[in-house]
Undergrad: 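Mind looking over this structure? Questions follow.
Quick note on labels: first sequence line is chain A, next is B, and so on, each numbered from 1. Everything numeric in this text was worked out from a predicted model, so none of it was measured.
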Number of protein chains: 2
Amino acid sequence: MRYLTTLKYIDVVAKEGSIRKAADRLAITSTALNRRILAIEDEIGHPLFERTPAGVRLNTAGELFVQHIRSQMSDVNRVLSQISDLSGIRRGHVRISSGPQTISAFLPREIARYREKHPGVTFQVLRKNSQSAVESLVSHETDTAIIFESLLPSDIQIVSSVSQIVQIIMSPEHPLASKKTLRLQDCLGWPILMPSENEGIRTLLNVGQVQQATPLQTIIEADSFDMMANYLIFENALGFQIPISIKGQYGIYSHLKAIPLDHRDCKPGLLHIAQLKGRVLPVAAAKFQDQLVQRFNEAFPEDTI
Amino acid sequence: MRYLTTLKYIDVVAKEGSIRKAADRLAITSTALNRRILAIEDEIGHPLFERTPAGVRLNTAGELFVQHIRSQMSDVNRVLSQISDLSGIRRGHVRISSGPQTISAFLPREIARYREKHPGVTFQVLRKNSQSAVESLVSHETDTAIIFESLLPSDIQIVSSVSQIVQIIMSPEHPLASKKTLRLQDCLGWPILMPSENEGIRTLLNVGQVQQATPLQTIIEADSFDMMANYLIFENALGFQIPISIKGQYGIYSHLKAIPLDHRDCKPGLLHIAQLKGRVLPVAAAKFQDQLVQRFNEAFPEDTI
DNA sequence: TAAATGCGGTGCAATTTTTGCATCGCAAAA
DNA sequence: TTTTGCGATGCAAAAATTGCACCGCATTTA
């Protein structure tokens with residue numbers, strides 16, 4: 001869209017923090033870019049950037065304006081995809097950010113299912129922790145997000161939530177594999193694979209752990225649940241996971257045993273589908289989000305909110 | 001804003017229904033305008049207008065795009081007013097549509113009160129019935145609306161509501177003026193000033209009237225409550241009004257007597273403050289809306305929802 | 001039935017806007 | 001102190017927008 005070029009330019013400058021770098025990326029001269037920015041600042045009657053020796057940085061007005069720009073651009077895309085929807089088969093692009101719990105096992109199946117019906121739709125999947133997932137929604141980088149156990153700011157709208165208990169995963173040959181449920185005490189003797197501090201599961205586990213006299217023996221701390229799941233093939237250790245990551249038992253989780261952690265040690269957490277409040281999603285993204293919500297309902301009928 | 005000119009042009013063409021007329025209004029040549037439109041249609045890859053011998057008309061894609069344009073433009077204005085808010089005193093512009101019940105007595109006082117605190121803020125007040133008030137919100141013509149007793153579509157957000165009984169107004173010398181409450185039967189012998197069919201009060205009265213054997217003697221049907229109120233000076237007739245129009249008793253209503261209509265004949269109606277769902281209002285409009293909501297609460301503490 | 005009116009679209013030249021090059025002044029880093 | 005990298009600016013080239021004259025077409029009018 002031609003009339004959006006200046007806006008796009010400003011966005012890039014804001015991201016690069018330098019007019020020259022941005023000009024380089026945009027394949028134009030820094031002169032031209034500089035003058036476009038001066039022109040629009042003049043028009044607004046207020047500077048958007050603070051000039052520093054090292055480059056430029058958004059000031060308050062700039063922050064406001066860039067936020068507006070991003071919402072404009074994603075809204076244009078929505079309208080354009082709606083328009084091209086009018087003439088012909090459904091095409092579109094869905095941008096989703098997801099925590100490590102759902103990105104590996106849950107999402108691939110859902111995307112495949114969606115693309116069976118709408119082969120023209122493409123996807124962009126970003127692996128994000130809770131906080132950066134929220135940021136990606138606010139900056140219009142993604143349309144929808146799956147976020148586990150996090151307090152969400154007021155400009156985020158929760159579309160659906162499902163309650164997820166924490167499970168302990170291990171090799172089927174593990175001595176504990178035959179139990180129906182486990183308590184944290186049972187894990188004391190075993191090597192532990194612990195999710196990173198900024199993962200939702202860790203938050204839940206931390207609550208339980210403070211009541212323990214002796215701490216768990218964490219041998220690996222990682223933010224990749226796949227890595228930890230694969231590690232269980234080689235050492236008789238214990239990892240943590242939520243049901244949605246394992247449900248259906250395919251891929252790397254098919255050779256693992258999952259046992260619920262007793263609710264006295266660890267409360268269930270909430271897995272949210274969320275979007276930016278007040279935003280109208282592109283057709284494809286909205287439809288995919290609907291599918292995810294429906295999937296939550298089907299897979300965990302008792303626990304969906 | 002220069003980068004919005006093309007969008008503005010399209011909006012005007014859509015409103016005028018003719019490129020030449022729009023060009024005239026925009027003080028440019030029809031050629032230039034025509035080519036801008038052709039260019040953007042080419043860019044979108046889909047026509048926005050249907051060409052007829054008499055001019056042009058939006059097609060479906062055009063409707064989508066124009067809606068987008070309007071939301072963009074009002075959002076730009078919001079951001080710009082926010083930015084100019086950063087440097088200096090509060091300025092701004094509030095656009096409000098209001099039914100005849102509130103526009104005459106309630107709004108003037110509220111606007112004056114607001115301007116005492118923020119003399120820089122200007123107002124645009126449009127007198128609208130329920131349906132056109134909703135339309136003005138959807139088309140971003142106004143920021144907020146006061147709507148009486150109407151079902152609102154789902155893209156309108158009700159910010160606050162207050163319950164309003166219907167009162168009968170008359171000259172203080174009227175024989176009925178001493179009563180505490182009135183029933184519709186009491187009005188049978190008297191000439192009646194009846195609000196127009198598309199007013200909320202009329203809807204409420206219609207419900208009561210169907211139970212009556214003999215109809216009311218309507219001598220004037222009008223959509224102006226002021227006109228009807230003034231008429232009561234000259235003839236001993238009866239009119240209808242809701243408390244918010246009279247509260248405070250100043251202006252033309254100060255010489256009138258208002259008596260509640262019995263609830264068996266006429267249920268209370270709801271007076272809504274509403275805005276377009278998902279829209280972020282400009283600072284000034286948001287503040288003024290807040291004031292209105294607070295006013296509802298103060299004036300009718302029992303009946304505000 | 002034929003002329004007239006009013007519509008959107010187009011070729012071409014004039015005009016305005018945007019861009020790129022060379023260069024300046026400035027401040028932080030080396 | 002020199003060097004480096006930044007944004008800003010004067011000026012000419014390039015690109016875009018605009019206005020004029022005119023076309024084809026459908027409806028309205030005489």
Undergrad: Name all residues meeting the side-chain contact (heavy atoms from CB on, under 4.5 Å) criterion together with P153(A); count only those two or more places apart in sequence or in a different chain, and write none if there are none.
TA: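 Once residues adjacent in sequence are excluded, the partners of P153(A) under the side-chain contact (heavy atoms from CB on, under 4.5 Å) criterion are V134(A), D155(A), I156(A).
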Undergrad: Could I get the full list of side-chain contact (heavy atoms from CB on, under 4.5 Å) partners for S132(A), not counting sequence neighbours?
TA: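 Residues passing side-chain contact (heavy atoms from CB on, under 4.5 Å) with S132(A): K128(A), N129(A), E135(A).
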Undergrad: Sequence neighbours left out, what pairs pass side-chain hydrogen bond (donor to acceptor under 3.5 Å, both in side chains) with at least one residue falling in residues 8-19 of chain B?
TA: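 Residue pairs with at least one partner in residues 8-19 of chain B: D11(B)-K15(B), D11(B)-R70(B), E16(B)-R25(B).
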Undergrad: Over its full length, what angle do the end axes of the helix from dT1(C)-dA30(D) to dA30(C)-dT1(D) make, each axis taken from five pairs and the result rounded to 10 degrees?
TA: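 Computed from the C1' atoms at both ends, the axes differ by 20°.
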Undergrad: With sequence neighbours excluded, tell me which residues meet ring pair (Phe, Tyr, Trp, His ring centres under 6.0 Å) with H140(B).
TA: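 H140(B) satisfies ring pair (Phe, Tyr, Trp, His ring centres under 6.0 Å) with no residue once adjacent residues are dropped.
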Undergrad: Would you jot down, in residue-number order, the residues of residues 59-66 of chain A having a non-hydrogen atom under 4.0 Å from DNA chain D?
TA: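 DNA chain D contact set from residues 59-66 of chain A: none.
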Undergrad: Could you point out which residue of I273(A), T102(A), L292(A) forms a side chain to side chain contact (heavy atoms under 4.5 Å, CB included) with I96(A)?
TA: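 Among I273(A), T102(A), L292(A), the one that satisfies the side chain to side chain contact (heavy atoms under 4.5 Å, CB included) with I96(A) is L292(A).
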Undergrad: Return a single string for nucleotides 21-30 of chain D, one symbol per nucleotide in 5' to 3' order, where B is base contact, S is sugar-phosphate-only contact and - is none, cutoff 4.0 angstrom on heavy atoms.
TA: -----SS---
Undergrad: Which parts of nucleotides 12-19 of chain C does protein reach within less than 4.0 Å, heavy atoms only, written one letter per nucleotide 5' to 3' as B for base, S for sugar-phosphate only and - for none?
TA: B----SSB
Undergrad: Among all residues two or more places apart in sequence or in another chain, which pass the ring pair (Phe, Tyr, Trp, His ring centres under 6.0 Å) test with F65(B)?
TA: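 Partners of F65(B) under the ring pair (Phe, Tyr, Trp, His ring centres under 6.0 Å) test: H68(B).
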Undergrad: Using the test side-chain contact (heavy atoms from CB on, under 4.5 Å), find all partners of E41(A) that sit at least two apart in sequence or belong to another chain.
TA: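 Counting only residues at least two positions away or on another chain, E41(A) forms a side-chain contact (heavy atoms from CB on, under 4.5 Å) with I37(A), L38(A), P47(A), L48(A), F49(A), R51(A).
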Undergrad: Using the side-chain hydrogen bond (donor to acceptor under 3.5 Å, both in side chains) criterion, which residues pair with S30(B)? Sequence neighbours excluded.
TA: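 Listed in chain order: nothing, the list is empty.
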Undergrad: Using the side-chain contact (heavy atoms from CB on, under 4.5 Å) criterion, which residues pair with T52(A)? Sequence neighbours excluded.
TA: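 Counting only residues at least two positions away or on another chain, T52(A) forms a side-chain contact (heavy atoms from CB on, under 4.5 Å) with A54(A), R57(A).
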